[in-house]
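Structure, as structure tokens:
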Amino acid sequence: MRNGIFITFEGPDGSGKTTISTYVADELAKMGYDVIYSREPGGIDIAEQIRNVVLNPKNTAMDAKTEALLYAASRRQHFVEKIKPALENGKVVICDRFVESSLAYQGYGRGIGIDEIYRINEFAIEGWLPDATFFLDLSPEAGLGRIETRANKDRLDQESNDFHDRVYEGYQEVLRRYRHRITVIDASQDVEAVKAEALRLVLEKVQND
Ligand code: TMP
């Protein structure tokens with residue numbers, strides 16, 4: 001049975017998800033909540049190995065459907081090994097990216113289609129969608145500007161501006177579909193303001209659940 005609370009952070013590359021989600025998880029832990037932090041693709045060994053394949057800049061020949069299946073495969077393992085048991089044990093799970101990333105990046109960015117991508121992910125996650133998702137809203141241009149100086153850009157970071165624009169559009173579609181459980185946070189604000197807003201919103205969710 002699902003007793004815990006499943007919270008995910010989403011957003012374009014460079015939107016600050018990792019900084020914000022780790023901050024929120026640390027603060028909740030300090031307050032005494034039983035928190036599990038994770039990320040996708042990855043979070044556990046097998047999924048991290050798949051991450052290395054899917055994000056390796058050398059893999060320029062990767063087919064879009066192969067990419068979609070690899071993300072779904074890594075999600076399946078992560079879900080079974082870490083997410084599902086944590087939720088069954090009543091924990092607060094904070095995850096940096098989950099299925100909405102696949103809907104936006106592979107469904108829209110790669111043009112495979114959101115419904116098609118949802119179907120393969122449904123097989124992986126058996127309908128266990130997040131209870132609440134926080135979308136860190138930042139224009140793709142601003143996001144890419146922030147990661148421009150990163151030394152190790154992964155295969156997806158290196159995609160064209162058009163691709164990142166489509167991903168952003170894809171997220172807008174995902175927001176419409178799941179508006180009942182996705183909250184938008186303005187990620188163009190100063191980082192301390194984003195941290196404070198994210199923590200307040202997550203606490204509201206956790207306390208009212
Ligand atoms: P990260 O930079 O947030 O760690 O994510 C790695 C990249 O993988 C990022 O460009 C987004 C992309 N991604 C997808 O395309 N589909 C997915 O399902 C996930 C989880 C990530």
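All residue numbers refer to positions in the sequence shown, counting from 1. Each ligand, and each atom within it, is numbered from 1 in the order the structure gives.
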**OP:** Would you mind listing the cluster partners of Met1? Hydrophobic ones only (ILVMFWY), side-chain contacts under 4.5 Å, chaining allowed.
**Re:** none

Original post:
Under 4.0 Å from any heavy atom of Pro41, which atoms of ligand 1 are there?
Top reply: 20 (C), 21 (C)

Subject >> N/O separation below 3.5 Å, Asp157 to ligand 1 >> reply: no

**OP:** Measure from NZ or CZ of Arg76 to the centre of the six-membered ring of Phe79, then state whether that distance is under 6.0 Å and the direction lies within 45° of the axis.
**Re:** no

Original post:
Going by the atom numbers of ligand 1, which of them fall below 4.0 Å from some non-hydrogen atom of Leu55?
Top reply: 6 (C), 7 (C), 8 (O)

Subject >> Close approach, Arg75 and ligand 1, non-hydrogen under 4.0 angstrom >> reply: yes

**OP:** Please report which non-hydrogen protein atom sits nearest to atom 12 (C) of ligand 1, along with the residue it belongs to and the distance in Å to one decimal place.
**Re:** Tyr71 OH, 3.2 Å

Subject >> Closest to atom 4 (O) of ligand 1 (judged by heavy-atom distance), picking from Glu10, Glu40, Arg51 >> reply: Arg51

Original post:
With a cut-off of under 6.0 Å to the ring centre and 45° to the axis, is Lys17 in cation-pi contact with Phe9?
Top reply: no

Original post:
Can you find an N/O atom of Asp96 closer than 3.5 Å to an N/O atom of ligand 1?
Top reply: no

Subject >> Arg177 side, atom CZ; Ile182 side, atom CD1 - distance, nearest 0.5 Å >> reply: 11.0 Å

**OP:** Establish, from distance only, whether the side-chain atoms of Ser102 and Arg75 form a donor-acceptor pair under 3.5 Å.
**Re:** yes

Original post:
Which atom pair, heavy atoms only, marks the closest approach of Val35 to Ala29?
Top reply: CG2-N, 3.8 Å

Original post:
Within the structure, does Arg150 bring an N/O atom to less than 3.5 angstrom of an N/O atom in ligand 1?
Top reply: no

**OP:** Might you point out which heavy atoms bring Pro12 and Tyr168 nearest each other, and give the distance in Å?
**Re:** CG-CD1, 4.1 Å

Subject >> Residue-ligand contact Lys17/ligand 1, heavy atom below 4.0 Å >> reply: yes

**OP:** Considering only non-hydrogen protein atoms, determine which one is nearest to atom 5 (O) of ligand 1 and report residue, atom name and distance to 0.1 Å.
**Re:** Arg97 NE, 3.3 Å

**OP:** Kindly state whether the ring of Phe6 and the ring of Phe98 have centres lying under 6.0 angstrom apart.
**Re:** yes

Subject >> Numbered atoms and elements of ligand 1 in range of Asp13, under 4.0 angstrom, heavy atoms >> reply: 2 (O), 9 (C), 10 (O)

**OP:** Just let me know how Val54 lines up against ligand 1, side chain, backbone, both or neither, with a heavy-atom cut-off below 4.0 Å.
**Re:** neither

**OP:** List the closest protein heavy-atom neighbour of atom 18 (O) of ligand 1: residue, atom name, distance to the nearest 0.1 Å.
**Re:** Ser102 OG, 2.6 Å

**OP:** Please work out which of Phe163, Phe98, Phe9, Tyr105 has its closest non-hydrogen atom nearest to atom 11 (C) of ligand 1.
**Re:** Tyr105

**OP:** Pull out every atom of ligand 1 sitting under 4.0 Å from any heavy atom of Gln106, numbered as shown with elements.
**Re:** 14 (C), 15 (O), 16 (N), 17 (C), 18 (O)

Subject >> Enumerated ligand 1 atoms positioned under 4.0 Å from heavy atoms of Leu156 >> reply: 10 (O), 15 (O)

Original post:
Short N/O distance, under 3.5 Å, between Arg39 and ligand 1?
Top reply: no

Subject >> Residue list, salt bridge (charged side-chain N to carboxylate O under 4.0 Å, His left out) with Asp209, at least two apart or on another chain >> reply: Lys205

Original post:
Counting distance only, does the side-chain N/O of Asn121 pair as donor-acceptor with the main-chain N or O of Ala124 below 3.5 Å?
Top reply: no

Original post:
Heavy atoms, side chains only, cut-off 4.5 Å: are Ile114 and Glu173 in contact?
Top reply: yes

